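First up is the structure itself, then whatever we jot down about it.
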Amino acid sequence: MGRGRLAALVSYGRRVYDLGDRLAALRDSRDAARIPAQAVGTSVFFAGLLRIRSFNALEPMLSEPTFIRLCGGAPPKANDLGSADTLSRALRGFDLAPARALSVGMVQQAERNKVFREGWVGALRYMALDGWEPIQSLGR
């Protein structure tokens, strides 16, 4: 997808789906975070939109000026959006209610705009989980 097409798509999302305000509503449980929850949520949102398959693949993009502009500018006192580890830690403490409202609201708006011609089944697009956590069994 060319640069102009991506800019048009982002502009459309902000205008029609109120993407800026919905992403601004994202919250997490970190205190005095250097990277705001909105920047984390926006980074992950655009990683999904651009079909970036893992946080490790996303990490080099988090310090690129183009991706930072796409995500709404640089966070305060920084010129990058953190690292894959930062995203992982922030997502562990995310408040899921605003994230759920964002996705449900966008799907409802898309259905009203007849984006999914095949009904609600067409709204089921993708779900991504990223991470690895060792689990120890006690063998009982």
Side-chain angles (χ1 to χ4, degrees):
M1 182 180 295
R3 182 185 217 188
R5 301 282 283 162
L6 181 59
L9 179 66
V10 170
S11 174
Y12 177 80
R14 288 186 175 142
R15 188 177 65 250
V16 173
Y17 295 103
D18 198 22
L19 196 54
D21 290 340
R22 289 181 181 187
L23 288 169
L26 296 176
R27 301 282 178 257
D28 65 8
S29 61
R30 296 174 299 152
D31 294 326
R34 185 178 70 86
I35 308 295
Q38 177 184 359
V40 171
T42 303
S43 300
V44 173
F45 177 82
F46 284 118
L49 183 68
L50 296 171
R51 296 183 178 180
I52 299 170
R53 296 180 181 255
S54 72
F55 281 2
N56 291 333
L58 174 64
E59 189 162 15
M61 298 178 72
L62 294 174
S63 60
E64 291 180 5
T66 305
F67 193 76
I68 292 171
R69 276 195 310 276
L70 176 65
C71 293
K77 302 179 195 168
N79 59 357
D80 63 21
L81 295 170
S83 66
D85 291 335
T86 301
L87 294 180
S88 176
R89 278 191 302 274
L91 289 173
R92 275 186 252 146
F94 246 60
D95 181 10
L96 296 181
R100 183 181 308 274
L102 180 141
S103 60
V104 168
M106 287 184 68
V107 169
Q108 287 174 341
Q109 182 67 39
E111 287 176 342
R112 281 194 300 273
N113 293 352
K114 296 180 175 57
V115 171
F116 306 119
R117 301 281 179 196
E118 59 272 356
W120 69 269
V121 174
L124 303 175
R125 294 297 185 214
Y126 72 89
M127 173 61 182
L129 296 175
D130 188 43
W132 180 80
E133 187 74 29
I135 298 172
Q136 181 179 358
S137 174
L138 298 175
R140 293 181 191 182

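Predicted model, so just to flag it, every value in this text is computed and none were measured.
- No side-chain heavy atom of Leu81 sits less than 4.5 Å from a side-chain heavy atom of Ser63.
- Partners of Ser83 under the side chain to side chain contact (heavy atoms under 4.5 Å, CB included) rule, at least two apart in sequence or in another chain, are Glu59, Asp85, Thr86.
- When every heavy atom of Leu70 is checked against every heavy atom of Phe46, the shortest pair comes out as O-CE1, 3.5 Å.
- Here the closest non-hydrogen pair linking Gly41 and Leu26 is CA-CD1, 3.6 Å.
- If you run side-chain contact (heavy atoms from CB on, under 4.5 Å) between Ile35 and each of Val40, Leu87, Leu62, only Val40 comes through.
- Residues passing the side-chain hydrogen bond (donor to acceptor under 3.5 Å, both in side chains) test with Gln109, sequence neighbours excluded: Arg112, Asn113.
- For the atom pair Leu102 CG and Leu19 CG, the distance stands at 6.5 Å (nearest 0.5 Å).
- Evaluation of the side chain to side chain contact (heavy atoms under 4.5 Å, CB included) rule for Arg100 yields Val104 as partners, not counting sequence neighbours.
- For residues 10-28, the pairs satisfying side-chain hydrogen bond (donor to acceptor under 3.5 Å, both in side chains) are Asp28-Arg30, with sequence neighbours left out.
- Leu91 places a side-chain heavy atom less than 4.5 Å from the side chain of Phe55.
- Using a 4.5 Å heavy-atom cutoff, the side chains of Phe67 and Leu50 are in contact.
- Here the shortest heavy-atom pairing between Pro98 and Ala25 reads CB-O, 3.5 Å.
- The shortest heavy-atom contact between Asn56 and Ala84 is OD1-CB, 4.3 Å.
- Put simply, OG on Ser29 and CZ on Phe94 are 10.0 Å apart, with the number rounded to the nearest 0.5 Å.
- For Ala57, the side chain to side chain contact (heavy atoms under 4.5 Å, CB included) partners are Ile52, Ser54, not counting sequence neighbours.
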